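We use all heavy atoms of the structure for the numbers below, so side chains are in, but hydrogens, waters and symmetry mates are not. Keep in mind the model is a prediction, meaning the values are calculated, not measured.
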Amino acid sequence: MSVRLVLASNSGARQSVLKDAGVPFEAVGSGVDEALAKVALDARHATPRQVAEALAEEKALAVSARRPDLVVGADQTLEFQGKLYDKVETVEHARARLKMLRGKPHMLHSAVVVAQGGAVVWRETQSATLRMRDFSDRFLEAYLAAEGAAALGSVGCYRLEGLGVQLFSKIDGDYFTILGLPLTGLLDLLRTRGVLRP
């Protein structure tokens, strides 16, 4: 295979998704200041879905501008009652976030953009709706004790591939979308672009 793939992300979850799927890639940080970008997007009244799409594109283009390879940029946002929520910084904040989401649905928007030569060549956005069950405070404390800092790695304070699945009563959406990298369409593209065998 002559075409090289670059993942414009330091996300361990996204890297694991590609590795587990047998996709050869190199991971590099995009250098995008996401906080600053979100301020600008908020000023334009961008929806949580639009924020994910814009950040995925910005990451892909930032790396594509300095690399000749096929570059994948991705971003995920959490929407709850029409508002965008960012990652929390402490376990105490994670506790508050999970209590806020408890017993209610929220949405995850996962966008993936592929760029080459400084231009977007493909994009896809998928959304999933997840309803947390009305778990007890006792369960919540046991969950946070078991997860610790790992709970801070995602905006919803859970890893669906781990103990976090016990937080939910219903999930509507693609598994890889929930992990932050919609995969099947991307794999189709990588086959047509020579990264993977057809």
Side-chain angles (χ1 to χ4, degrees), residues 7-23 25-30 32-35 37-38 48-49 51-52 55-56 59 72-112 124-184 186-187:
L7 176 65
S9 174
N10 290 319
S11 164
R14 291 190 184 104
Q15 291 178 35
S16 292
V17 166
L18 289 180
K19 285 177 187 172
D20 291 347
V23 178
F25 70 96
E26 175 189 355
V28 299
S30 67
V32 170
D33 186 334
E34 294 187 42
K38 284 179 180 178
R49 182 183 173 102
V51 170
L55 289 174
K59 293 172 188 178
V72 175
D75 195 77
Q76 183 185 72
T77 56
L78 186 150
E79 179 179 354
F80 177 64
Q81 297 181 345
K83 295 182 181 179
L84 173 70
Y85 287 86
D86 289 318
K87 288 181 182 177
V88 299
E89 296 182 354
T90 67
V91 173
E92 290 72 26
H93 290 150
R95 180 181 291 107
R97 173 70 50 86
L98 290 167
K99 284 184 176 181
M100 178 186 75
L101 297 175
R102 179 168 56 185
K104 302 180 184 74
H106 64 273
M107 294 186 73
L108 293 176
H109 305 290
S110 292
V112 58
E124 182 178 48
T125 305
Q126 296 286 338
S127 298
T129 300
L130 302 89
R131 178 179 286 275
M132 283 196 179
R133 65 185 182 87
D134 192 13
F135 47 80
S136 66
D137 286 345
R138 185 176 178 184
F139 174 85
L140 176 60
E141 294 309 317
Y143 169 79
L144 290 171
E147 286 290 277
L152 310 181
S154 75
V155 68
C157 305
Y158 53 80
R159 295 178 302 121
L160 196 68
E161 66 275 28
L163 188 61
V165 72
Q166 291 195 36
L167 294 167
F168 297 96
S169 60
K170 187 175 183 183
I171 297 172
D172 292 315
D174 178 73
Y175 178 70
F176 296 107
T177 294
I178 296 166
L179 295 187
L181 187 65
L183 192 59
T184 53
L186 177 61
L187 293 178

What are the two closest heavy atoms between [X] and [Y], and how far apart are they?
| X | Y | answer |
| --- | --- | --- |
| I178 | A128 | CG1-CB, 3.8 Å |
| A94 | L144 | CB-CD2, 4.2 Å |
| G180 | S110 | CA-OG, 3.6 Å |
| A8 | G73 | CB-CA, 4.4 Å |
| A13 | L179 | CB-O, 4.1 Å |
| L181 | A74 | CD1-CB, 3.8 Å |

Donor-acceptor contact present, side-chain R133 to main-chain Q166, <3.5 Å: yes

Side-chain donor/acceptor of T77 to backbone N/O of P48, under 3.5 Å: yes

Measuring from [X]:[atom1] to [Y]:[atom2], what's the distance to the nearest 0.5 Å?
| X | Y | atom1 | atom2 | answer |
| --- | --- | --- | --- | --- |
| R95 | T90 | CZ | OG1 | 8.5 Å |
| L140 | L98 | CG | CG | 6.0 Å |
| R131 | L167 | CZ | CG | 14.5 Å |
| M107 | D172 | CE | CG | 10.0 Å |
| E26 | L7 | CD | CG | 10.0 Å |
| M132 | M100 | CE | CE | 9.0 Å |

Residues S127 and R49: side-chain donor-acceptor under 3.5 angstrom: yes

Does some side-chain heavy atom of [Y] sit less than 4.5 Å from a side-chain heavy atom of [X]?
| X | Y | answer |
| --- | --- | --- |
| D137 | R102 | yes |
| T177 | L108 | no |
| L186 | F176 | no |
| L18 | L183 | yes |
| K59 | E34 | yes |

Residues, nucleotides or ligands: over 12 heavy atoms within 6.0 Å of E89 CD: no

Whether Y143 and F139 hold their rings parallel, tilted or perpendicular, with breakpoints at 30° and 60°: parallel

Atom pairs and distances, side-chain donor-acceptor, residues 146-164, under 3.5 Å, sequence neighbours left out:
{"residue": "E147", "atom": "OE1", "partner": "R159", "partner atom": "NE", "Å": "3.1"}
{"residue": "E147", "atom": "OE1", "partner": "R159", "partner atom": "NH2", "Å": "3.3"}
{"residue": "E147", "atom": "OE2", "partner": "R159", "partner atom": "NH2", "Å": "2.9"}
{"residue": "S154", "atom": "OG", "partner": "C157", "partner atom": "N", "Å": "3.2"}
{"residue": "S154", "atom": "OG", "partner": "Y158", "partner atom": "N", "Å": "3.0"}
{"residue": "S154", "atom": "OG", "partner": "Y158", "partner atom": "O", "Å": "2.7"}
{"residue": "Y158", "atom": "OH", "partner": "H106", "partner atom": "NE2", "Å": "2.7"}

Criterion side-chain contact (heavy atoms from CB on, under 4.5 Å) on L78 and K87, from CA distance to verdict: CA-CA 9 Å; L78 186 150; K87 288 181 182 177; over 6 Å; no

Test: R14 cationic atom under 6.0 Å from F25 six-membered ring centre, within 45° of axis: no

